Amino acid sequence: AGRMGRALEVVRDMEAHGCALNAHTFGMLISGFARCGDAPRALGVAEDMRRAGVREDAAVFNCLLHVLGSSGRMEEAMATLQRMRLAGHRPTPHTLSTLVTGFVRNGALEQGLRLMEELRAEGCPVTAAVFNAAMHGLVLQGQMERAAGLLEDMAQTGVAPDRRSFTTLVDGYARSGDLEGAFECFRRMQAGGLEADAAAYGALLKACCKAGRMQTAQAVLEQMQAAGVAPSLHAMNTLVDGWARRGDMWEAAQLVQRMRGAGPAPDVRTYTSLIIACGRAGDMQRAVEAFEEMQQSGVAPNVQSYTALLQGWAWASYPEKALQAYQEMRAHGLQPD
RNA sequence: AGCAUGCUAG
């Protein structure tokens, strides 16, 4: 994020020394801004590029599609796809997965799926990533049958599913509370010779937590470590939150202690889940301790953590304490959403 | 490869 300014300096330096900027260079800048969520500047760089008389290549077009899709501008994205074709570039798998994801994020999954079929029919190469984007969209809609159908489709068309394909589906089963389905899918991934990474384990942990099977979740954590996969912050947060939702403040606190000792270091989400756990257990004393521990370890509270504290107090029938938490939040310049 | 797809809190 903070490095984009430096990147721009380097590019200005290049220009000053008479280096011609090419599509490659502009592409790096555009995707850099895109990743910071700075669409206006990403598009600004694209404009500079055109003014400099540099032609967009396929990767630059794909970056533009990403920027447009991330800012809800799918009509412009489709117009850009047309421009891309007119410039003589066939859509690539990056193009397609980017557009499908754009449609998914903008609540137009079916349009994305239609586009995928159209481009497939015209011979656009389709990779696992394209299917993954589509499966993710279906998973978000709870359409597991169709998502699983796409996995079959991959097999039939000779596209090998990758780890993300399976992780996406495991997450889908997790969301639908289907622990059996999640495990079966996870094992299918392993049977296919794909090694689970932290995200794959994370999705499986989510399935356990969602199903309320916390002992199973702990066992999965141990399997993950035995397999040499370092528990990610993501995965640990899933577990802490799983205990929190069960109202088991003690187990949640235990995990957080372990994280403080052996890592990964707890972050604001970890502590927020712990605060919720304490609140649900009716122990506001511990909730406040958790909140203070967070601050003492240099983790800045955000709106979510204050809200968790506030709700705990409200739930415990201490409106004046809730109000105090609210005022403290405002004093820190945070606005409730 | 300068570009795309998966798991976490109120």
Side-chain angles (χ1 to χ4, degrees), chain A residues 7 21-32 34-35 42 45 56-67 69-70 91-102 104-105 112 126-137 139-140 147 161-172 174-175 182 186 189 196-207 209-210 224 231-242 244-245 252 264 266-277 279 301-312 314 325 329 334 336-337:
Chain A
L21 302 184
N22 56 22
H24 228 92
T25 317
F26 281 110
M28 293 176 70
L29 287 173
I30 295 170
S31 76
R35 254 178 282 147
V45 173
E56 296 103 328
D57 63 9
V60 166
F61 275 114
N62 292 338
C63 293
L64 292 176
L65 295 175
H66 187 218
V67 172
S70 317
T92 68
H94 279 76
T95 313
L96 188 45
S97 56
T98 304
L99 284 169
V100 171
T101 298
V104 166
R105 289 190 185 143
V126 171
T127 61
V130 174
F131 280 100
N132 295 349
M135 288 192 293
H136 185 229
V139 157
L140 293 178
D162 62 14
R163 214 157 37 186
R164 288 187 182 212
S165 316
F166 288 104
T167 303
T168 302
L169 290 176
V170 170
D171 177 51
R175 288 170 185 268
F186 188 86
M189 168 179 71
D197 64 2
Y201 277 107
L204 191 58
L205 285 170
K206 176 175 166 181
C209 295
K210 184 92 200 301
M224 171 168 27
S232 60
L233 180 58
H234 231 93
M236 294 305 287
N237 284 348
T238 301
L239 261 180
V240 171
D241 189 59
R245 287 182 192 285
D267 70 355
V268 64
R269 293 179 194 242
T270 321
Y271 285 112
T272 301
S273 291
L274 180 57
I275 292 164
I276 288 166
N302 62 14
V303 176
Q304 280 94 332
S305 31
Y306 274 109
T307 305
L309 194 61
L310 191 156
Q311 280 181 342
M329 176 178 84
L334 296 171
D337 350 78

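Naming: A, B, ... by sequence-line order, numbering from 1 per chain. If you're wondering where the values come from, they're calculated on a predicted model, not measured in any experiment.
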Open item on the list: Pairing donors with acceptors under 3.5 angstrom, does anything connect the side chains of A:Thr168 and A:Asp171?
Closed with: no
- [ ] Check every strand shown and say whether A:Ser97 touches a base, only sugar-phosphate, or nothing at a heavy-atom separation below 4.0 Å.
- [x] base
Open item on the list: Categorize A:Ala34 for me: base, sugar-phosphate, or nothing, with a 4.0 angstrom heavy-atom threshold over every strand shown.
Closed with: nothing
Open item on the list: Under 3.5 Å, is there a donor on one side chain and an acceptor on the other for A:Thr95 and A:Thr98?
Closed with: no
Task: Sugar-phosphate only, base, or nothing, as touched by A:Thr272 at under 4.0 Å among non-hydrogen atoms - done: base
TODO: Using Watson-Crick or G-U wobble pairs with both distances under 3.5 Å, give me RNA chain B in dot-bracket, 5' to 3', with [ ] for crossers and | for pairs to another strand.
DONE: ..........
Open item on the list: Regarding A:Asp267, tell me which of base, sugar-phosphate or nothing describes its non-hydrogen contacts under 4.0 Å with the strands shown.
Closed with: nothing
- [ ] Please name all residues satisfying side chain to side chain contact (heavy atoms under 4.5 Å, CB included) with A:Ala200, sequence neighbours left out, ordered by chain then number.
- [x] A:Thr167, A:Phe186, A:Met189, A:Ala196, A:Asp197
Task: Under the salt bridge (Lys or Arg N to Asp or Glu O under 4.0 Å) test, residues paired with A:Asp241 that sit two or more places apart - done: A:Arg245
TODO: Report which part of the nucleic acid A:Ala244 touches: base, sugar-phosphate, or nothing (heavy-atom distance under 4.0 Å, all strands).
DONE: nothing
Open item on the list: Taking any atom closer than 4.0 angstrom to a non-hydrogen atom of chain A, what span of RNA chain B does the protein reach, first nucleotide to last?
Closed with: B:rA1 to B:rG10
TODO: List for me each residue that meets side chain to side chain contact (heavy atoms under 4.5 Å, CB included) alongside A:Leu29, sequence neighbours excluded, and say none if there are none.
DONE: A:Met4, A:Ala7, A:Leu8, A:Val11, A:Val45
Open item on the list: Please enumerate all residues that pass side chain to side chain donor-acceptor pair (under 3.5 Å) together with A:Asp267, with sequence neighbours excluded.
Closed with: A:Asn237, A:Thr270
TODO: Give one of base, sugar-phosphate or nothing for A:Ala199, where a contact means two heavy atoms less than 4.0 Å apart.
DONE: base
TODO: List in chain and number order the residues that pass side chain to side chain contact (heavy atoms under 4.5 Å, CB included) with A:Thr238, two or more places apart in sequence or in another chain; answer none if no residue qualifies.
DONE: A:Leu205, A:Lys206, A:Cys209
Task: ring pair (Phe, Tyr, Trp, His ring centres under 6.0 Å) involving A:Phe61 - partner list, sequence neighbours excluded - done: A:His89
TODO: Check every strand shown and say whether A:Val100 touches a base, only sugar-phosphate, or nothing at a heavy-atom separation below 4.0 Å.
DONE: nothing
TODO: Classify the nucleic acid contact of A:Ile276 as base, sugar-phosphate or nothing, counting any heavy atom under 4.0 Å across all strands shown.
DONE: sugar-phosphate
Open item on the list: Over all strands shown, is A:Val60 touching base, sugar-phosphate only, or nothing at heavy-atom distances under 4.0 angstrom?
Closed with: base
Open item on the list: Please classify the nucleic acid contact of A:His24 as base, sugar-phosphate, or nothing, using heavy-atom distances under 4.0 Å.
Closed with: base
TODO: Applying side chain to side chain contact (heavy atoms under 4.5 Å, CB included), name anything that partners A:Thr101, two or more places apart in sequence or on another chain.
DONE: A:Arg105, A:Ala133
